[in-house]
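In what follows, a single structure is set out as structure tokens and then discussed.
No experiment lies behind these values; they were computed from the predicted model shown. Below, each value reflects all heavy atoms present in this structure, side chains not excepted, and no hydrogens, waters or symmetry copies. Note on naming: letters A, B, ... go to the chains in the order of the sequence lines (proteins, then strands), and numbering restarts at 1 for each one.
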Amino acid sequence: MYVLVRQAGGGDLVVEPRDEAGASLQPPRRLSLDEFRTFVAARESWALEGRPRWVWDDTGHTYPLLLSAGIRVERCHDLRLCHVILKNSALTQLSELALAAPDRWDAASAVTADQIELRATLFEFDVDDDHGGDDLADHAADGTGDSGATEPGPDSRAPESTSGREFRRQLDAVASAAEPGRLRLLLAAESAGALVAAEMRFAGLPWRTDVHNHLLTRELGPRALPGVRPDRLELLAQRIRLELDDDALNPDSPQELFKALQRAGLAVTSTRGWELKKLEHPVIEPLLQYKKLSRLLSANGWTWMESWVVNGRFHPDYVPGGVVTGRWATRGGGALQLPRQIRGAVVADDGWKLVVADAAQLEPRILAALAQDERMATAGRGTDLYAGIVASGVVETRDHAKVAMLGAMYGATTGESGRLLPRLARAYPRAIALTELAARAGERGEVVTTRLGRSSPVPGQGWHEVQAQAYDLAATATDERRARSQARDWGRFTRNFIVQGSAAEWALCWMAEIRRELAALPASGAGATSALRRADAGPGLAASAARPAAPGRARAPFDYAPHLVFFLHDEVIVHTLAAQAEVVAKIIVTAAETAGRLLFGDFPVDFMLTVATVDNYAQAK
DNA sequence: ACGATTCGCGCG
DNA sequence: AAAGCGCGCGAATCGT
């Protein structure tokens, strides 16, 4: 069963039950937020199979509102995210949805990205009453409570909402696909990811600003006024000026620095760290040190801390489906780039633990399964995959195995990676053939598709023009070179797309399973409550252990039950009461196995995890 | 003066 | 051009 949910003005919501085919079961009803909470609670208490899938335009828009009202749902269907998948998927190319002219569902992603400007107003959500207003007027007339007053179904006299139409269009598209099961799983996983993203943002990553400040002070020296370098940074700047004999040099300016390095007789082509590292000169060491520290200051210094950490929690804005491959992106705060240097500031609350889990060599394992390459899968069975490749005698060192594999998946042709590739191809012909196949398709401008059915974008108009130009009679050698190079670029993209995209699907399934199992844990009850009480009573603990609900915010389950707090492509963190850490770790491991089966059935590939139960993130790995 | 682009570097 | 994929972000720099 499905229930369509739309936000109405004044915080009300309009609900409309739909059957498996998307047909209306009851006329839409308008509910207040309180009524809606009761409505949801009743249905979420049903057995899992009976629980509805809540269908709405945009999880990132609607769900935060529900979360702050203390409402959690088990599963949803995110029309915006699912539309993008179905519109582009090679599996639904002939569906009405895919063939339709671009409409507001295609513009939706761009619009919401601009609309949502929550940086300064964490947790202050406005109800959207701009779109769907026309439908609302009709539905509002139905009143609340008197279900059955209107004839249900698409033949209903009231015009169907755009969301309702879109929903049925999406169900039709899925049903028309050759293997609807794959897409169904993908849409469910994508939508579950959207729920996770909203919940993680809502709960936040535990962040100790005092520890962060301590780390910064130790590295940089005490905080300085804006525009002034902290001591240690200034000292390094002085040394750099001295070594390069340039009193006025600003080491932050690549131009100035480049000239100064040249003057000092260093043959550099840029000021990049990796290039400097190869040089011998007294300025190199302080310069590299300076770069490292100045990066820390500008990217994750005190300013960052003050803008992104609220009440001991970092609330990054995750963007599910933000990357074409299906990976998440983030907006603001740089959550996917938290440098190792400051991970020590991610500290579990007192009496709590962080369970940090990371999928080991995820992408090569995904490749092995995609290609049904049993030899490669065997190399990774029960062990580090790269070590397994070494043990099979394919290459000499783990480092070689890794660089060769990455090169195969990214399309490296030169250097060490390129040299090792033939050995990999001999040992794992199926896997390497698959990457080559994907690359060739991309070079021809064709689309490739992930395991569950997410397809790569078609190269833009400019791309085709350049290709066409190379075939013109008047084509110059430059035209041809440009076309070839561009084709190879796109080939490397599609080569990587199938692996990165399928890995992203695995990760979504993994997370969805974790989320579901965590929610199914028996309420931690006495243990949790007493832990919180103790913390409340203890003066030293009060600040972090018992997190009082922020003003105007309902107390969410995340304040006492184990919950996901971070996700980074192939890594998750669960924040949990210490007593439950062990069962949480078990859930995470089992979820990885389940995700593997969901994607690849019985194909015997292991998805190994590194799991660590720690007090702070820096202790993991 | 200000938006767009480039550089450089953090993460997977 | 590091050696190949995908990102976000801040500061410097470019362009108008």
Side-chain angles (χ1 to χ4, degrees), chain A residues 113 119 226-227 229 250-258 268-278 287-288 290-301 303-304 307-308 316-343 358-364 366-367 402-421 424 435-436 438-439 442 448 450 454 456-457 485 488-504 506-507 566-572 617 621:
Chain A
R119 185 192 166 101
R229 290 193 184 88
N250 170 16
D252 291 322
S253 160
Q255 281 184 338
E256 287 182 38
L257 187 57
F258 183 72
V268 288
T269 63
S270 76
T271 64
R272 296 187 189 119
W274 61 262
E275 193 174 346
L276 301 178
K277 238 171 252 169
K278 296 186 291 200
L287 183 52
L288 290 175
Y290 180 89
K291 279 173 169 287
K292 206 176 185 76
L293 293 183
S294 94
R295 163 83 192 184
L296 174 64
L297 176 66
S298 67
N300 298 98
T303 310
W304 178 91
S307 23
W308 292 104
D317 191 0
Y318 297 97
V319 187
V323 180
V324 280
T325 57
R327 274 188 173 183
W328 289 10
T330 52
R331 219 173 2 232
L336 302 184
Q337 305 141 250
L338 282 187
R340 296 206 126 76
Q341 289 164 292
I342 57 159
R343 292 186 179 182
D358 135 357
Q361 307 94 42
L362 177 60
E363 294 197 345
I366 291 288
L367 173 59
K402 183 173 177 175
V403 84
M405 273 307 315
L406 290 177
M409 294 184 297
Y410 294 163
T413 52
T414 61
E416 187 157 61
S417 185
R419 279 196 300 280
L420 292 166
L421 191 62
L424 217 53
T435 64
E436 291 300 318
V448 295
T450 59
R454 192 186 312 257
S456 63
S485 144
R488 283 191 186 137
D489 287 349
W490 199 259
R492 282 194 303 277
F493 166 63
T494 52
R495 171 200 297 270
N496 186 246
F497 185 94
I498 56 167
V499 178
Q500 189 183 114
S502 301
W506 180 90
F566 194 60
F567 170 59
L568 185 54
H569 307 316
D570 59 0
E571 183 177 343
V572 296
Y617 191 15
K621 278 202 278 197

Taking the side chain of [X] as heavy atoms from C-beta outward, which of [options] is closest to it?
X: Ala412(A); options: dG4(C), dG8(C), dG8(B); result: dG4(C)
X: Val323(A); options: dC7(C), dG4(C), dC5(C); result: dC7(C)
X: Pro339(A); options: dG10(B), dC5(C), dG12(B); result: dG10(B)
X: Asp252(A); options: dG6(C), dA2(C), dA12(C); result: dA12(C)
X: Glu571(A); options: dC7(B), dA2(C), dG12(B); result: dG12(B)

Less than 4.0 angstrom between a side-chain N/O of [X] and OP1 or OP2 of [N], yes or no?
X: Gln500(A); N: dC5(C); value: no
X: Lys291(A); N: dC9(B); value: yes
X: Arg272(A); N: dA2(C); value: yes
X: Arg492(A); N: dC5(C); value: yes
X: Thr271(A); N: dG8(B); value: yes
X: Ser253(A); N: dT13(C); value: yes
X: Arg340(A); N: dG12(B); value: yes

Problem set entry | Side chain Arg331(A), main chain Val319(A), donor-acceptor under 3.5 Å |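 No.
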
Looking only at atom [atom1], what distance separates [N] and [M], rounded to whole Å?
N: dA2(C); M: dC7(B); atom1: C1'; value: 16 Å
N: dA1(C); M: dG8(B); atom1: P; value: 10 Å
N: dG8(C); M: dA3(C); atom1: P; value: 26 Å

For [X], which contact category applies under a 4.0 Å heavy-atom criterion: base, sugar-phosphate, or nothing?
X: Arg343(A); value: sugar-phosphate
X: Gly273(A); value: sugar-phosphate
X: Gln255(A); value: sugar-phosphate
X: Leu338(A); value: sugar-phosphate

Exercise. Testing Asn496(A), Thr450(A), Ile498(A), Thr494(A) for side-chain contact (heavy atoms from CB on, under 4.5 Å) with Ser456(A), which one passes?
Worked result: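 Of Asn496(A), Thr450(A), Ile498(A), Thr494(A), side-chain contact (heavy atoms from CB on, under 4.5 Å) with Ser456(A) is met by Thr494(A) alone.
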
If you measure from [atom1] on [X] to [atom2] on [Y], what distance do you get to the nearest 0.5 Å?
X: Lys292(A); Y: Leu297(A); atom1: NZ; atom2: CG; answer: 15.0 Å
X: Leu362(A); Y: Glu571(A); atom1: CG; atom2: CD; answer: 11.5 Å
X: Ser485(A); Y: Trp490(A); atom1: OG; atom2: CH2; answer: 13.5 Å

Please report the distance, rounded to the nearest Å, between [atom1] in [X] and [atom2] in [N].
X: Phe258(A); N: dT13(C); atom1: CZ; atom2: P; value: 13 Å
X: Asp358(A); N: dC11(B); atom1: CG; atom2: P; value: 14 Å
X: Asp570(A); N: dC7(C); atom1: CG; atom2: P; value: 17 Å
X: Phe567(A); N: dC7(C); atom1: CZ; atom2: P; value: 15 Å
X: Leu296(A); N: dG10(B); atom1: CG; atom2: C1'; value: 11 Å
X: Asn300(A); N: dG8(C); atom1: CG; atom2: C1'; value: 11 Å
X: Glu416(A); N: dA1(C); atom1: CD; atom2: P; value: 22 Å
X: Arg295(A); N: dG10(C); atom1: CZ; atom2: C1'; value: 8 Å

Exercise. Does Ala299(A) or Ser417(A) map to a spot on DNA chain C nearer the 5' end, using the closest nucleotide for each?
Worked result: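 Nearer the 5' end of the strand: Ser417(A).
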
Problem set entry | Residue mapping more 5' on DNA chain C - nearest nucleotide basis, Ala335(A) or Lys278(A) |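 Per heavy-atom nearest nucleotide, the more 5' residue is Lys278(A).
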
Problem set entry | Aromatic ring of Tyr410(A) stacked on base six-ring of dA3(C), 5.5 Å, 30° |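 No.
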
For this session: Could you tell me whether the side chains of Tyr290(A) and Arg229(A) share a donor-acceptor contact shorter than 3.5 Å?
Result: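 Result is yes, a qualifying pair exists.
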
Exercise. Which is it for Arg327(A) and Glu363(A) under the salt bridge (charged side-chain N to carboxylate O under 4.0 Å, His left out) test, yes or no, and what are the steps along the way?
Worked result: CA-CA 13 Å; Arg327(A) 274 188 173 183; Glu363(A) 294 197 345; 3.5 Å; yes

For this session: Please confirm whether any donor atom in the side chain of Arg327(A) sits under 3.5 Å from an acceptor in the base of dG12(B), or the reverse.
Result: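 Under the 3.5 Å cut-off, the side chain and the base do form a donor-acceptor pair.
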
Problem set entry | For dC11(B), the Watson-Crick or wobble counterpart (both distances under 3.5 Å) |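 Checking every strand shown, dC11(B) finds its partner in dG6(C), with both distances under 3.5 Å.
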
